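Everything numeric in this text was worked out from a predicted model, so none of it was measured. Every chain is numbered from 1, with letters handed out A, B, ... down the list of sequences.
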Number of protein chains: 2
Amino acid sequence: MGRNTLGTLEQAVMMVILALGDGAYGVAIRDELSRRTRREHTLGAVYTTLDRLSAKELLESYLGEPTPTRGGRAKRYFKLTGEGRQALDHAVNTRHELEFGLDLAGKGV
Amino acid sequence: MGRNTLGTLEQAVMMVILALGDGAYGVAIRDELSRRTRREHTLGAVYTTLDRLSAKELLESYLGEPTPTRGGRAKRYFKLTGEGRQALDHAVNTRHELEFGLDLAGKGV
DNA sequence: TTCAATTTCTTCTACAATGTATATTCGACA
DNA sequence: TGTCGAATATACATTGTAGAAGAAATTGAA
């Protein structure tokens with residue numbers, strides 16, 4: 001089964017991780033996702049997606065140092081694996097293939 | 001009812017319907033979807049999606065005349081409703097927002 | 001100095017919505 | 001009637017989404 005197809009949120013999260021570069025950890029990902037998406041996302045939703053993508057080895061993570069800010073717990077940073085990057089590229093290509101020739105919404109939100 | 005968010009397949013099917021214009025009925029949609037997507041999709045998967053989008057009033061359908069070909073049963077044609085078009089545009093815009101600034105896969109598959 | 005409150009993060013759990021496949025039904029011919 | 005194009009029904013897997021609970025670090029009062 002497990003056709004290696006990515007869901008909407010999965011793709012979105014992966015893109016946000018790329019956009020954040022280093023510094024892509026749970027809360028930051030959630031915030032940037034909400035910003036780009038113009039709607040709120042809960043942390044639970046984000047972490048679940050992060051875990052699933054990690055399980056599929058499309059993401060890898062490593063723990064950072066705790067920051068000296070109040071409550072600053074060690075953050076878990078995420079980045080795409082080679083396989084993840086490939087899967088995302090594939091999804092993007094498929095998307096282009098689908099949009100080809102269509103008169104869709106312009107770039108202006 | 002749930003969130004007004006479209007899944008990957010839902011968006012794909014809607015785009016294919018736009019691409020087909022008139023002539024967007026089950027089998028044709030399945031074929032064009034498989035072509036653009038470069039992978040096989042079953043009719044069941046397509047019809048289920050079509051039904052769900054119709055239930056959400058993002059699509060509307062009407063029956064055509066049966067063709068004089070052997071087994072040619074009356075086809076059910078689909079088209080986007082205004083609301084459907086809006087939902088798709090919104091999804092496309094969100095997508096652009098997410099892709100913004102990223103160095104993603106080029107057009108070359 | 002100790003430790004409970006507070007803050008920031010992460011993990012767990014549960015359920016709704018989508019994705020996907022197979023089987024069944026329907027209606028038109030030959 | 002049997003077969004073919006097309007649609008419907010049904011079932012289960014994967015994703016999407018929320019809310020609550022658990023952890024680690026800091027602050028500050030006793």
Side-chain angles (χ1 to χ4, degrees), chain A residues 1-14 16 23-34 37 39-56 58-59 61-78 87 91 94 98, chain B residues 1-14 16 23-34 37 39-56 58-59 61-78 87 91 94 98:
Chain A
M1 287 162 230
R3 210 22 167 178
N4 83 332
T5 174
L6 296 172
T8 309
L9 219 211
E10 290 181 322
Q11 291 183 45
V13 166
M14 291 179 89
V16 167
Y25 74 101
V27 177
I29 293 172
R30 193 274 300 271
D31 292 347
E32 180 67 7
L33 181 66
S34 295
T37 263
R39 80 176 243 255
E40 293 307 307
H41 291 270
T42 61
L43 273 172
V46 171
Y47 278 113
T48 300
T49 301
L50 252 14
D51 287 347
R52 288 173 183 163
L53 288 173
S54 296
K56 289 192 281 186
L58 300 181
L59 291 184
S61 62
Y62 52 97
L63 287 156
E65 292 293 305
T67 55
T69 50
R70 180 186 179 93
R73 184 181 169 182
K75 301 178 178 70
R76 193 170 176 202
Y77 293 96
F78 292 84
T94 296
L98 282 164
Chain B
M1 294 239 269
R3 264 282 175 224
N4 174 344
T5 176
L6 295 173
T8 308
L9 219 210
E10 291 181 322
Q11 292 182 46
V13 165
M14 291 178 90
V16 167
Y25 75 100
V27 176
I29 293 171
R30 192 275 300 270
D31 291 347
E32 180 67 7
L33 181 67
S34 296
T37 263
R39 77 177 244 254
E40 293 307 307
H41 290 270
T42 60
L43 271 173
V46 171
Y47 278 114
T48 300
T49 301
L50 252 14
D51 286 347
R52 287 173 183 162
L53 288 173
S54 296
K56 288 191 282 186
L58 300 181
L59 291 184
S61 61
Y62 51 98
L63 287 157
E65 292 293 305
T67 55
T69 50
R70 181 185 177 94
R73 184 180 169 183
K75 300 180 178 70
R76 195 171 172 203
Y77 293 95
F78 292 84
T94 296
L98 282 165

Non-hydrogen side-chain atoms of B:Val27 and B:Lys75 separated by less than 4.5 Å: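 With C-beta onward as the side chain, the pair stays apart.
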What I'd like to find out is whether the side chain of A:Thr8 reaches to under 4.5 Å of the side chain of B:Leu6, using heavy atoms alone.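 No, side chains not in contact.
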For residues A:Ala28 and A:Gly23, report the shortest heavy-atom separation together with the two atoms involved.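 Between these two residues, the closest heavy atoms are CB-O, 3.6 Å.
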Looking at B:Tyr25 and B:Arg76, what are the two nearest heavy atoms and their distance?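 Shortest heavy-atom separation between B:Tyr25 and B:Arg76 comes out as CB-O, 3.1 Å.
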Distance in angstrom units between [X] [atom1] and [N] [atom2], rounded:
| X | N | atom1 | atom2 | answer |
| --- | --- | --- | --- | --- |
| B:Glu10 | D:dG16 | CD | C1' | 12 Å |
| A:Asp51 | D:dG16 | CG | P | 14 Å |
| A:Leu63 | D:dA24 | CG | C1' | 12 Å |
| A:Leu50 | D:dT17 | CG | P | 14 Å |
| B:Leu9 | D:dA13 | CG | P | 18 Å |
| B:Leu33 | C:dT18 | CG | P | 17 Å |
| A:Glu65 | C:dC9 | CD | P | 15 Å |
| B:Arg30 | D:dG5 | CZ | C1' | 11 Å |

Please tell me which of A:Thr67 and A:His41 maps to the more 5' nucleotide of DNA chain D, matching each residue to the nucleotide holding its nearest heavy atom.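 Per heavy-atom nearest nucleotide, the more 5' residue is A:His41.
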On DNA chain D, does the nearest nucleotide to A:Thr42 precede the nearest nucleotide to B:Gly44 from the 5' side, or the other way round? Give the residue.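 Result: B:Gly44.
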Using the side-chain heavy atoms of [X], tell me which of these nucleotides is nearest: [options].
| X | options | result |
| --- | --- | --- |
| B:Tyr25 | D:dA6, D:dT17, C:dT6 | D:dA6 |
| A:Arg39 | D:dT8, D:dT17, D:dT15 | D:dT17 |
| B:Thr49 | C:dT20, D:dG16, C:dT7 | C:dT20 |
| B:Lys75 | D:dA18, D:dT10, D:dA6 | D:dA6 |
| A:Arg73 | D:dA23, D:dA18, C:dG19 | D:dA23 |
| B:Arg52 | C:dA14, D:dT26, C:dT18 | C:dT18 |
| A:Thr5 | D:dA6, C:dC9, C:dT20 | C:dT20 |

Contact under 4.0 Å: A:Arg70 side-chain N or O vs C:dA5 OP1/OP2: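 Indeed not, no polar side-chain atom of A:Arg70 lies that close.
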Given A:Thr94 and B:Arg39, is the side-chain contact (heavy atoms from CB on, under 4.5 Å) satisfied, shown in steps? CA-CA 10 Å; A:Thr94 296; B:Arg39 77 177 244 254; over 6 Å; no
Within the structure shown, what part of the strands sits under 4.0 Å from A:Leu43 by heavy-atom distance: base, sugar-phosphate, or nothing?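 Counting heavy atoms under 4.0 Å across all strands, the contact made by A:Leu43 includes a base.
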Test for a donor-acceptor pair under 3.5 Å between the base of D:dA18 and the side chain of A:Thr48, counting only N and O atoms.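 Answer yes: a donor N or O sits under 3.5 Å from an acceptor.
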